[in-house]
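For reference, the structure discussed in these notes is given below.
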Amino acid sequence: MWRKAAPKPRYSVAIIGGGGHGLATAYYLAKEHGIADVAVLEKGPIGLGNTGRNTTIIRSNYLWDESARIYEHSLKLWEGLSAELNFNVMLSQRGVLNLAHNEADIREGRRRVNANRLNGIDAEWLDPEAVKRFCPILNVSPDARYPVLGATLQRRGGVARHDAVAWGFARAADARGVDIIENCEVTAIRTARGRVTGVETSKGDIAADKIAIVAAGHNSVVAAMAGVQLPLQSHPLQALVSEPVKPVLDCVVMSNAVHVYVSQSDKGELVMGAGIDAYNSYAQRGSFHVIEGQMAALLELFPSFSRLKMLRSWAGIVDVSPDASPIIGKLPVEGLYLNGGWGTGGFKATPGSGHVFAHTIARDEPHPLAAPFALDRFTTGALIDEHGAAGVAH
Amino acid sequence: MLLIPCPWCGPRDEIEFRYGGEAHIARPTDPDALDDRAWAEYLFMRANPKGVFAERWMHSAGCRCWFNLLRDTVSHRILAAYRIGDTPPARDTPS
């Protein structure tokens, strides 16, 4: 798939973090900007971090213009990604439902549908009968504990195979000359006169003109190596899968109010995600009561799932920003860049995030779609508040 | 689930508590004197250590008092619990 590269003494760009976002960044640096003298430094093996731990949901139906543009840019790249990478990422645009359980959810959903349409994003509002037609096993009874009063639907949303995304980007970046260096942990960032000069790693020192931090839950730790503090907090985000069953659910169902999102994988497993654990953590595990609450809500929505056994649960560490929007751009050290703060919702952004970040690094100025997501928005006050808008479930 | 030693009620399950994030962030005494950068620093910039973290918790289903914990964010081991206003214990306890 890709060479097992050993680090060279010097690179134009060193990318810290070999998840989907870092690999996509490397690929687009080589392809769009002719910069192939790139190292992707991954402390473990490729695909075992958050890239392999998410629930694979893809959508672009965000409320605010800035978010809608960047996530839709990403969704459009998803739609051509298998051909682009010559690798099947198994994109399945099966439709994403976001359920409304109360009057506030209805108002939020309708407003978001209208905002999406104004931004050229496909969005529909379904009443409870239409929801039932679209997803027949959902309990839409008015007596349900969480009554389904409607839902937004993005038909172009869906899922993709997360491992394939990492492998496809790694293979394609490697083919263009990028060195993917696994089991190479960055332990320090070297600077001189306010400018980065390289990194120290578990495989020796590597000089670099530009350094890009794409380390998800560890962004704060890595940025601190260069003396930069970020407005990020790391939390565990849990997910789990059931035993495989025959096809019962052919769309993605999300509910912000009860913290549940579920889809069925090609193997037949139901894939479910929870909300984050409240406390800061770098341990890839969460508390059981979070899963317990999530399962209770899931069974209210899907009573037929009550006999299913759960096979596995796990957690990834997500970096949550104050406004639930990513931070993309330059950091206050010359030659140092960050693409992080994707929190609970980064997977869907993988190709778009890498695409705009590669532009930002190559030209040393933000891509127009990335510009609103610069770190200085916390100083200017121009936040992109998706906490209330997109809800907790990403 | 964490077993959290409330300084007033003793050890209780995590589900009885609410999390309050980083502890010991002092509200600026003269907010009008702050420029945007200093205000952003106070509002948004937070320590996010991989290791010992001083954090606030509130015993929402118990005494409803706020207090502080020293907790390791990798092992989840709780090193100390102390009341608001108390001096934080030394952090050199091995995790």
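All chains are named by letter (A, B, ...) in the order of the sequence lines, taking the proteins before the strands, and each is independently numbered beginning at 1.
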Check your understanding: Which bit of B:R71 comes within less than 4.5 Å of chain A, counting heavy atoms only: side chain, backbone, both or neither?
Key -> side chain
Study note, to complete from the structure: So, the part of B:L43 with a heavy atom under 4.5 Å from chain A: the answer is neither
Exercise for review: Could you tell me which portion of B:F53 (side chain, backbone, both or neither) has an atom closer than 4.5 angstrom to a non-hydrogen atom of chain A?
Suggested key: side chain
Revision key, fill the gap. Among B:E22, B:M1, B:E14, the residue with the most heavy-atom pairs under 4.5 Å to chain A is B:E14
Practice item. Name the region of A:I291, side chain, backbone, both or neither, that has any atom closer than 4.5 Å to a heavy atom of chain B. Key: neither
Check your understanding: What are the two closest non-hydrogen atoms of A:N183 and A:S202, and how far apart are they?
Key -> O-OG, 3.7 Å
Exercise for review: Measure B:A47 against the heavy atoms of chain A and call it side chain, backbone, both or neither at under 4.5 Å.
Suggested key: both
Check your understanding: Side chains of A:N280 and B:T73: is there a donor and an acceptor less than 3.5 Å apart?
Key -> no
Point to revise | Option in B:H76, B:R37, B:E55 with maximal non-hydrogen atom pairs under 4.5 Å from chain A | key: B:H76
**Study point:** Main-chain N/O of A:R53 paired with A:W314 side-chain donor or acceptor, under 3.5 Å
**Key:** yes
Check your understanding: Can you find a pair of side-chain heavy atoms, one from A:D376 and one from A:K330, that are under 4.5 Å apart?
Key -> no
Check your understanding: So, do B:Y19 and B:W57 sit near enough that their side-chain heavy atoms are less than 4.5 Å apart?
Key -> yes
Check your understanding: Does any donor atom in the side chain of A:S353 or A:N339 lie under 3.5 Å from an acceptor atom in the other side chain?
Key -> yes
